[in-house]
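For reference, the structure discussed in these notes is given below.
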Amino acid sequence: MTIGSLVPASAVSAPPPEPLSNLQVATKALQGMTLEDKIGQMFVLFAYGPDASKPDARNTALYGVATPAEVVAKYKPGGWIYFNARDNVTSPTQLATYSNQLQAAALKTGLRLPLTIATDQEQGVVVRIGPPATQFGGNMAHGATRNTADARTAAGITGRELKAMGIRQDYAPVADVNVNALNPVIGVRSFSSDPKLVSDMTVAQVKGYQEDAGIMATAKHFPGHGDTVDDSHTALPTINHTREQWNTIDAPSFKAAIKAGIDSIMTAHIVVPSLDPSGDPATLSKPILTGVLRNELGFKGLVITDALEMAAVRAKYGDAEVAVRAIEAGADQLLLPPAPDVQFKAVVDAVKSGRISERQVNESVLRVLLMKLKNGVLFQPFVDPAKIATKVGTPASLATAQKIVDKSVTLVKNDTKTLPLTKDPRKILVTGWGVTTTQALANSLTTRGATTTVAQTGAAPTDAAIADAVTKAQANDVTVVLTQKAWDTKVTDKLAKQQKLVNDLLATGKTVIVVAVRDPYDIAYFTAAPTYLATYGYAAVSMESLTKVLYGEIAPTGKLPVDIPVAGDPTTPLYKFGHGLSW
């Protein structure tokens with residue numbers, strides 16, 4: 001039996017007539033594949049542009065062909081990933097149409113095997129599809145609520161919306177335990193610094209994505225990216241946890257995800273000497289991926305690498321060798337290969353030479369096929385773009401999201417009892433980070449009768465922008481200043497200008513409310529601020545929840561899901577896990 005006989009060109013939305021099990025169907029499909037077909041299923045690619053038939057010179061440079069449909073035809077990949085930053089996303093309806101175009105291209109190949117289309121819709125600060133899709137506060141916002149039922153509900157809503165757009169895999173949830181306040185890449189993408197809370201939230205979201213929405217969840221980044229001061233997009237981090245620390249801190253959330261039936265786990269481009277002293281990143285480590293993940297933890301699902309275009313995994317070996325070593329280590333799929341022709345050929349050659357056994361390839365491809373069967377894409381690859389409005393960003397979903405996010409806002413300081421604000425008309429300056437975020441907050445404040453002025457200053461404010469904000473603050477009754485990783489003077493704000501902005505605003509003697517709209521750690525760098533809140537996210541839904549708290553429409557109920565350490569002293573908490581004020 002060939003794949004062509006399993007998936008007819010018309011892609012009928014019915015199972016094959018013979019009563020075969022998923023394993024039997026996948027096995028028969030595998031038997032009809034060439035070696036090159038199999039290797040293609042081990043690659044997850046992307047293309048530039050929002051339309052499968054539209055040429056883009058960037059595709060030609062990367063793949064040697066111009067359109068996304070031609071990329072599918074050339075490589076017959078097992079998976080596909082969408083990025084807003086690569087011009088894939090203009091609207092949910094467009095994405096549904098794009099997904100159908102890609103699937104049609106896949107079914108026109110000799111293989112006639114649908115793609116598993118994926119994206120990083122983590123919720124919060126990492127999303128590829130913005131409004132009108134339903135937005136949430138993100139993982140640490142969920143952690144602040146301690147409400148696993150809400151976390152599951154959020155994953156279910158996100159998953160169902162993705163499925164309506166033809167996306168059958170979410171690279172979420174992040175299962176990393178953020179025990180390092182100076183972590184530049186995880187931070188609020190983690191639920192908490194507490195392994196038990198991270199485990200509980202991870203399980204809740206796995207169930208939301210897989211059981212409630214019927215798409216694949218992907219726990220990341222194994223074996224745990226929560227204790228690093230380096231960003232693996234630009235450097236190769238080392239996690240110096242002992243094996244006992246790893247067992248206590250990093251492993252529990254992945255063990256919990258596996259026990260909950262997680263479909264997929266993504267690797268991390270990090271070195272963990274206690275698990276593998278070779279110096280190789282986990283993505284290329286057989287002791288970690290096969291020894292620990294497969295053999296010790298018993299994971300039987302799909303192992304996918306983090307993006308192979310990232311600097312951390314490219315630092316030690318050439319691109320061709322990276323692809324081969326990742327598969328040797330135990331990866332089933334290679335995400336975003338930066339040299340696809342070279343890497344595809346390298347894997348084929350490695351199998352033909354015997355370096356990688358075809359049996360191992362067959363096992364990986366069988367997992368890929370079984371997941372296509374489980375999430376329904378094999379026999380139902382198409383979606384209905386006309387139904388997007390009834391499935392994505394519905395009034396009911398938006399209302400549910402708002403109620404969930406309302407519970408997350410954390411009041412850390414209220415020393416001068418500034419909050420809650422009275423309903424009296426007042427002039428409010430909204431300043432600090434975020435063009436859309438400052439405006440979203442101003443819009444919410446305006447609906448409460450405030451006269452608002454916006455002075456967005458960015459993540460690294462200039463002296464002129466700071467001076468302008470100070471002048472405007474003196475002419476307003478209240479200033480709300482939004483900070484975004486103000487602690488990060490290594491990358492985000494090298495001259496600590498956000499800290500200067502806050503301190504200069506405080507020096508005016510006017511009422512100043514400081515709000516961290518990403519990591520809650522910022523307060524350690526301007527401890528004189530008498531009023532401080534954390535929202536853990538900066539979408540409009542979070543700004544509406546913040547406004548409700550500012551005006552006392554709801555009492556703040558969020559509790560810190562991490563310690564906020566003293567600046568320069570990571571072992572001493574300024575505010576402890578569980579802290580949170582209310583009224």
Side-chain angles (χ1 to χ4, degrees), residues 120-128 130 135-145 172-174 176-193 225-226 228-229 231 233 405 408-413 430-441 456-461 480-494 496-499 501-502 513-526 529 532-547 549 556 558-565 567 574-575 577 580:
D120 297 280
Q121 195 79 351
E122 293 177 10
Q123 307 176 352
V125 302
V126 175
V127 293
R128 308 307 185 199
Q135 306 296 305
F136 291 90
N139 279 8
M140 197 168 282
H142 288 309
T145 72
V174 173
D176 302 315
V177 182
N178 201 74
V179 293
N180 193 329
L182 301 181
N183 191 328
V185 66
I186 303 300
V188 293
R189 297 170 65 195
S190 166
F191 292 108
S192 174
S193 60
H225 208 317
T228 173
V229 294
D231 185 342
H233 291 84
V405 179
S408 65
V409 177
T410 305
L411 179 60
V412 177
K413 290 185 75 174
V430 179
T431 189
W433 177 86
V435 174
T436 59
T437 302
T438 52
Q439 190 59 58
L441 177 57
Q456 197 274 147
T457 61
V480 182
V481 54
L482 309 183
T483 64
Q484 194 269 131
K485 295 180 77 172
W487 62 266
D488 180 13
T489 55
K490 184 178 178 181
V491 176
T492 304
D493 186 9
K494 294 180 180 180
K497 292 294 187 170
Q498 288 190 68
Q499 298 175 30
L501 170 67
V502 172
I513 299 168
V514 185
V515 183
V517 296
R518 187 162 174 154
D519 304 340
Y521 309 116
D522 293 354
I523 183 61
Y525 299 83
F526 27 75
Y532 180 81
L533 304 96
T535 62
Y536 314 100
Y538 42 71
V541 65
S542 297
M543 295 303 96
E544 176 65 15
S545 294
L546 170 63
T547 301
V549 169
K559 304 294 182 185
L560 287 176
V562 294
D563 286 341
I564 298 177
L574 180 65
Y575 296 97
F577 174 95

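Positions are given from 1 along the sequence.
In this structure, the side chains of Pro173 and Phe191 come closer than 4.5 Å at one or more pairs of heavy atoms. Side-chain contact between Val229 and Asn183: absent, with no pair of heavy atoms (C-beta onward) separated by less than 4.5 Å.
Between the side chain of Ser190 and the backbone N or O of Ile186, no donor-acceptor pair lies under 3.5 Å. Between the side chain of Gln456 and the backbone N or O of Gly458, at least one donor-acceptor pair lies under 3.5 Å. Using a distance-only test at 3.5 Å, with no hydrogens or angles considered, a donor-acceptor pair links the side chain of Gln499 to the main chain of Ala486. With Gln484 contributing its side chain and Arg518 its backbone, the two residues share no donor-acceptor pair below 3.5 Å.
Remark: Lys559 engages no residue in a salt bridge (charged side-chain N to carboxylate O under 4.0 Å, His left out) (not counting sequence neighbours). With sequence neighbours excluded, the residues that form a salt bridge (charged side-chain N to carboxylate O under 4.0 Å, His left out) with Glu122 are Arg189, Lys220. Legend: residues meeting side-chain contact (heavy atoms from CB on, under 4.5 Å) with Ser193, ordered by chain and number and at least two apart, are Val179, Val562, Phe577.
The shortest heavy-atom contact between Asp563 and Tyr521 is O-CE2, 3.3 Å. When every heavy atom of His225 is checked against every heavy atom of Asp176, the shortest pair comes out as N-OD1, 2.9 Å. Shortest non-hydrogen contact noted between Ala516 and Tyr532 is CB-OH, 3.1 Å.
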Let me see the working for Lys485 and Asp519 under salt bridge (charged side-chain N to carboxylate O under 4.0 Å, His left out), right down to the final yes or no.
CA-CA 6 Å; Lys485 295 180 77 172; Asp519 304 340; 5.0 Å; no

- Applying side chain to side chain contact (heavy atoms under 4.5 Å, CB included), run through Trp433 and Val517 and close with a yes or a no. CA-CA 9 Å; Trp433 177 86; Val517 296; 3.8 Å; yes

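Ring planes of Phe136 and His142: tilted class, angle from 30 to 60°.
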